[in-house]
Amino acid sequence: MSEHREGSSEGGRGPGAVRELDRATVERIAAGEVITRPARVVAELVENALDAGAERIDVEVDGDGTDRIRVADDGRGMAREDAVRAVEPHTTSKIRDASDLANADSLGFRGEALASVADAGALELTTTAEREDLGTRVRVADGDTSVADAGRARGTTVEVTDLFADRPARRESLASPAREFGRISELVADYALARPAVAFSLVHDGRETLRTPGTGTTDALVAVYDREAAGHATAFDHRADLGSGGGASGGEGGNGAGCGKESANDAAVELRAEGALVAPAVTRSTREHVHLAVNGRPVANERLRRAVASGYGTLLPSGREPVAVVRLSLPPGSVDANVHPAKERVALRDADAVAEAVETGVRDALTTADLRRSGEVAMDLDSSLAPAAGSDSDFADASVLGQFRDLYVLCEADDGLLVIDQHAAHERVNFERLRDALADEAVPSAAVDPAATVSLDPGAAAAVEEHADALRELGFAFERFGGSTYRVTAVPAPLGRVAGADALGEAASSLARGESDPREAALADLACHPSLKAGDALDRETAGRLVERLGRCEQPYACPHGRPTVLTLGEATLADGFERHGGRR
Ligand code: ADP
Ligand code: MG
C-alpha cells in the first residue's frame, strides 16, 4: 500500500556508511531536546528500523518505558564500525551535508537520536548486517562504550534501560505510567497505520497489546480498532496536480488505484493521498482518530485534519469525528521535516492547495462509495424549518399531534408547529436530570451478568487506566482482561436506564479530553446511551411527557452534544407555502 522506499538517499551501504556531519550542517538542523519522554525513544527507534527497510518491528515496553524499551527489527543491520560510530553525536548514513537536507526522504537525518538516547539512559545495540556471520553488541552506559561479538539474525535490536535515571526533573515531568504507555501505544498505532506493509507488535509488561500483520490498511485497522471499523472502511487513492506552487488544486476525483492523473508538467507538484475512510456508521467523539502521515511519517497537522473532516461533510453528525487513515506522498522538496526537533510536525509548501486536494479526495471517495445512509429523511420543508429561538417558552402550551417516522414528535403550539427530535430531546432531559441528581454523588449502577467484554482502541484503553477512579464514580465496574480488552461487570444505570458496556470507552475518552468539566462531558455521553433511540415508537402520553420535561430543562433547545432538539415551523411559513395570502381561509 504505502509506496515508501527505504531511505534511498543512503549512498553506500557497506561499512563506513555512517559518518560524522560537519559543523555547518549540524547548525542547520532544528535544535532542541529530542528525548523528552519514553514515547520519543520509541519513535526514534521505530523510525530507524523503518529507514533500515524493516518488514517487521517488535516493540516491548516495561512500565512507563523508563524501566525498559526494546525495539527489534529485521532491517539491514550495521557493520561493526558503523554500529560503533552510530551511537556518537551527529553521525548518520542518511545525509552527507546540508545540501542533502532538502531532499532527504528518510525519516531520520540528524544523526542525533542514538546519541541522545544513550545520553538519557543505558543503551544496548545488537546488530548484524547483511552477508555477515558475526554480529556486534555495543553498550553505552554512564558515558562508557563497550563493544563485543554477538549472535543475531540480520537486523537490529536496541534496548534502552534506566531512562532519565539521573534526570529527576525529566522523571517528574512524566505523566502516569498508564498515560505514558498510552502515548507509546498511540504512536505505534500511528506508525502501523502509516506503514501498513510493515508488521508491528507492541508488548507491555509481557502482554501483547497490538499486532498488525503487515498486510495492508484494512488488517491494520482491524488490529488498531476492530472489525466493525475496518468493515466500514472505504479505500481511497487520489492524485492531484498542485501546479507549480500556484496553489490551484487540479484534483480529478480518483477513486480506486490508478484513476489518478499523471502530472504532465515537469514543474508540477504531484500529490497522492491514499488510505482508508471509515464511514458512516462508526465515528468517535474525539479528534485523534484521523491518522495522517506525510511521506511515511505520522504527523499531527490540524489543517489537514480539518480538511479530512470537511471532506466527510454531513456524513458526520455534529460533535462526532471520523476514523480515517490518510497518507500523503509529496515530493521531498515540498515538505520540510526539519522544523520540529521531534519531527512531529512538518512544514508543507503550498499547504492550502494540499488541504484542498485532501478534502476533495475524501469527499469524492465518500460520494461514490456505497454507503448505506439509514434514517435519512428527505424533507423539502428543510429550508423553512428554522431552529426555535431560545425564548422563555417552556412548551407548556404545546399539545402532541403525533409522531412522524418514529423520529419526530409533532406538537401544536402557540407559535406554530413544533418538530421535536425525540432522541436529542431525551438526551437533553436525561443529561440534566443526571447532572442535577448526581451533583455530588456516585451514579447508581447495574450489574452486568454475565460480564460483558469490550475491546477498546489503545487510546481509549489508556484513558480507562488513567481515569479508572472517575469511571468507577460514574458507575462502572471493570477489570482489565488483557491488552485493551476489559471485562465490564457493572454499568451506570442513571434513572433506571442501563448504559451499554461500550459506554466505558466513550466515557473514558470524554474524561481524557479534559474538557473544562470532564464529569459533565462524561455525563453527556452517558445520557446519550440510555436515551430513546430514533426509531422508537412512542405513545402519545409518553411523547407528551417527553415534551413537557424538555420544556423544563435549563437549555431545552440543544442536546448535550450541541445538536438542536426543536424546530419551529411558523404558521406564516405554512400560509406562504399554500399561497393563503390575506387571511386564514
Ligand atoms: P539518523 O537516523 O538521523 O541518521 P540516528 O542516531 O538515529 O541518526 O542513527 C544513526 C545511524 O545509525 C543511522 O544513520 C543508521 O545508519 C544507523 N542505524 C540506526 N538504527 C539502525 C537500525 N535499526 N538499523 C540499521 N541502521 C541503523
Ligand atoms: Mg534516527
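One-based numbering, in listed order, for ligands and for the atoms of each. Counting from 1, the numbers follow the sequence of the chain as shown.
Distances shorter than 4.0 angstrom occur between a heavy atom of E112 and an atom of ligand 1. Residue contact check for ligand 1: G111 places a non-hydrogen atom closer than 4.0 Å to it.
Residues R70 and V59 are not in side-chain contact: their nearest non-hydrogen atoms beyond the backbone lie 4.5 Å or more apart. At a threshold of 4.5 Å between non-hydrogen side-chain atoms, the residues Y486 and S455 do not count as touching.
Contacts between A52 and ligand 1, counted as non-hydrogen atom pairs separated by less than 4.0 Å, involve the side chain only. No part of D51 comes within 4.0 Å of ligand 1, judged by heavy-atom distances. Here T92 has heavy atoms under 4.0 Å from ligand 1 in both its backbone and its side chain. Under 4.0 Å from ligand 1, heavy atoms of L114 appear from its side chain as well as its backbone.
Remark: ligand 1 atoms within the under-4.0 Å shell around heavy atoms of R110 are 3 (O). Under a 4.0 Å criterion applied to the non-hydrogen atoms of G108, ligand 1 contributes the atoms 2 (O), 3 (O). The ligand atoms of ligand 1 that sit less than 4.0 angstrom from a heavy atom of V18 are 16 (O).
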Taking only distance into account, with no hydrogens and no angle test, what donor-acceptor pairs under 3.5 Å do side-chain atoms of residues 172-181 form with protein atoms, sequence neighbours excluded?
{"from": "S173", "atom 1": "OG", "to": "R170", "atom 2": "O", "distance (Å)": "2.8"}
{"from": "S176", "atom 1": "OG", "to": "R179", "atom 2": "N", "distance (Å)": "3.1"}
{"from": "E180", "atom 1": "OE1", "to": "R37", "atom 2": "NE", "distance (Å)": "3.1"}
{"from": "E180", "atom 1": "OE2", "to": "R37", "atom 2": "NH2", "distance (Å)": "2.9"}
{"from": "E180", "atom 1": "OE2", "to": "A175", "atom 2": "N", "distance (Å)": "2.8"}
{"from": "E180", "atom 1": "OE2", "to": "R183", "atom 2": "NH1", "distance (Å)": "3.4"}

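Atom CD of E356 and atom CG of L271 lie 11.5 Å apart (nearest 0.5 Å). Expressed to the nearest 0.5 Å, how far CD of E274 lies from CG of D237 amounts to 5.5 Å. Atoms CG and OG, on L456 and S509 in that order, are 8.0 Å from each other to the nearest 0.5 Å.
For R480 and E465, the salt-bridge test passes: some basic side-chain N is under 4.0 Å from an acidic carboxylate O.
Side chain of T127 to main chain of G155: a donor-acceptor pair is present (N/O by atom type, distance under 3.5 Å, no hydrogens or angles). Judged purely by atom type and a 3.5 angstrom limit, D457 uses its side chain to pair as donor or acceptor with the backbone of A460.
Summarising the contacts of atom 12 (O) of ligand 1 with P89, A86, A79, the nearest heavy atom is found in A86. Compare N48, V34, D73 by their heavy atoms: the one nearest to atom 5 (P) of ligand 1 is in N48. Taking only non-hydrogen atoms, the option from R19, E44, M78, R85 nearest to atom 21 (C) of ligand 1 is M78.
Put simply, T92 stays out of reach of the Mg ion (ligand 2), with no N, O or S atom under 2.8 Å from it.
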